[in-house]
Amino acid sequence: MPLDLVTIPCLKDNYAFLIHDTATGATAVIDVPESAPIQAVLQSRGWKLTDILITHHHDDHIAGVAALQGATGARVWGARADAHRLPPLDHALTEGDSVTIGAETGTVIDVSGHTIGHIAFHFPESGLVFTADSLMAAGCGRLFEGTPDIMWASLAKLAALPPETLVCSGHEYTTSNIRFALSLEPGNAALISRASKVALAREDVRPTVPSTLSEELATNPFLRAALPELKAAVGMAGSSDAEAFAEIRRRKDRF
Ligand code: ZN
Ligand code: FE
């Protein structure tokens with residue numbers, strides 16, 4: 001039985017996610033921008049929170065952890081590398097570690113770049129990856145602490161997951177990300193059709209997250225930095241993949 005997945009809008013443009021194992025009742029949240037919307041969903045579904053999974057230390061991902069942990073007694077999991085700047089951890093994680101939620105085991109992937117210590121959680125049986133501010137819908141996080149080389153290596157790990165994987169990222173930034181992507185690839189048919197799908201969703205105030213990895217591979221300029229057409233679009237035809245990625249990220253920062 002795959003885990004149930006619920007996407008919960010928080011704050012202005014953040015997402016938290018609940019995963020729930022029906023067989024055991026185990027329920028985890030990934031990131032806690034604020035506690036109240038998550039507690040409301042737990043209550044309406046009749047689920048008891050057992051685990052809190054943290055992707056990185058930014059306030060918009062952890063501000064509600066103390067309140068939610070206090071209300072539920074859930075175990076807290078986060079990166080060992082970030083333990084000094086995260087709420088108290090019950091389980092300190094490094095790449096390759098396992099996180100067990102009910103009957104399903106997830107794996108920790110180091111996706112540093114946005115911050116050093118940012119982790120993603122991959123649940124292969126359910127086909128879910130929680131990427132927060134690393135790989136995002138049609139975009140990627142800003143490089144606050146990591147270099148382009150580090151982020152490019154992190155994105156490569158995510159790009160190698162099965163293409164049907166659902167990418168559960170941390171923000172509703174898709175509209176502006178797609179506007180930027182179209183500026184680089186105005187003729188990309190998959191991107192053009194994604195743009196209209198996203199516009200419709202946002203008109204109805206529906207989340208555009210999660211997306212599928214295959215959708216990201218076809219439309220996300222940061223995952224596509226190694227392709228000749230993307231390199232050409234940013235004037236980096238003779239450059240390495242990581243250099244082309246760096247230039248795409250620089251252009252997005254100024255866009
Ligand atoms: Zn962040
Ligand atoms: Fe964030």
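Order of listing sets the numbers, starting from 1, for every ligand and every atom in it. Atoms considered below: every heavy atom in the structure, side chains included; atoms not considered: hydrogens, waters and symmetry mates.
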### Query
Does the ring-ring contact (aromatic ring centres under 6.0 Å, His included) test come out yes or no for His58 and His114, once each step is laid out?
CA-CA 10 Å; His58 284 158; His114 175 68; 4.7 Å; yes

### Presence of salt bridge, Asp82 and Arg85, under 4.0 angstrom
yes

### Message
I need the protein N, O or S atoms closer than 2.8 Å to the Fe ion (ligand 2), given as residue plus atom name.
### Response
Asp60 OD2, His61 NE2, Asp133 OD2, His171 NE2

### Task
Answer whether the closest heavy-atom distance between the side chains of Gln69 and Ile52 falls below 4.5 Å.
yes

### Query
Salt bridge or not for Glu185 and Arg224, using N-O below 4.0 Å?
yes

#### Entry: Check ion pair Glu172-Arg202 (N to O, under 4.0 angstrom)
yes

### Query
Do Leu68 and Ile38 have side chains that get closer than 4.5 Å, going by heavy atoms?
yes

### Task
Identify whether Met136 and Leu223 are in the same connected component of the hydrophobic contact network (ILVMFWY, side-chain heavy atoms under 4.5 Å).
no

### Task
Indicate yes or no: does Glu215 engage Lys197 in a salt bridge with an N to O separation below 4.0 Å.
yes

### Pairwise side-chain contact, Ile119 with His56, heavy-atom cut-off 4.5 Å (strictly under)
no

### Task
Quick one: name the protein N/O/S atoms under 2.8 Å from the Zn ion (ligand 1), chain by chain.
His56 NE2, His58 ND1, His114 NE2, Asp133 OD2

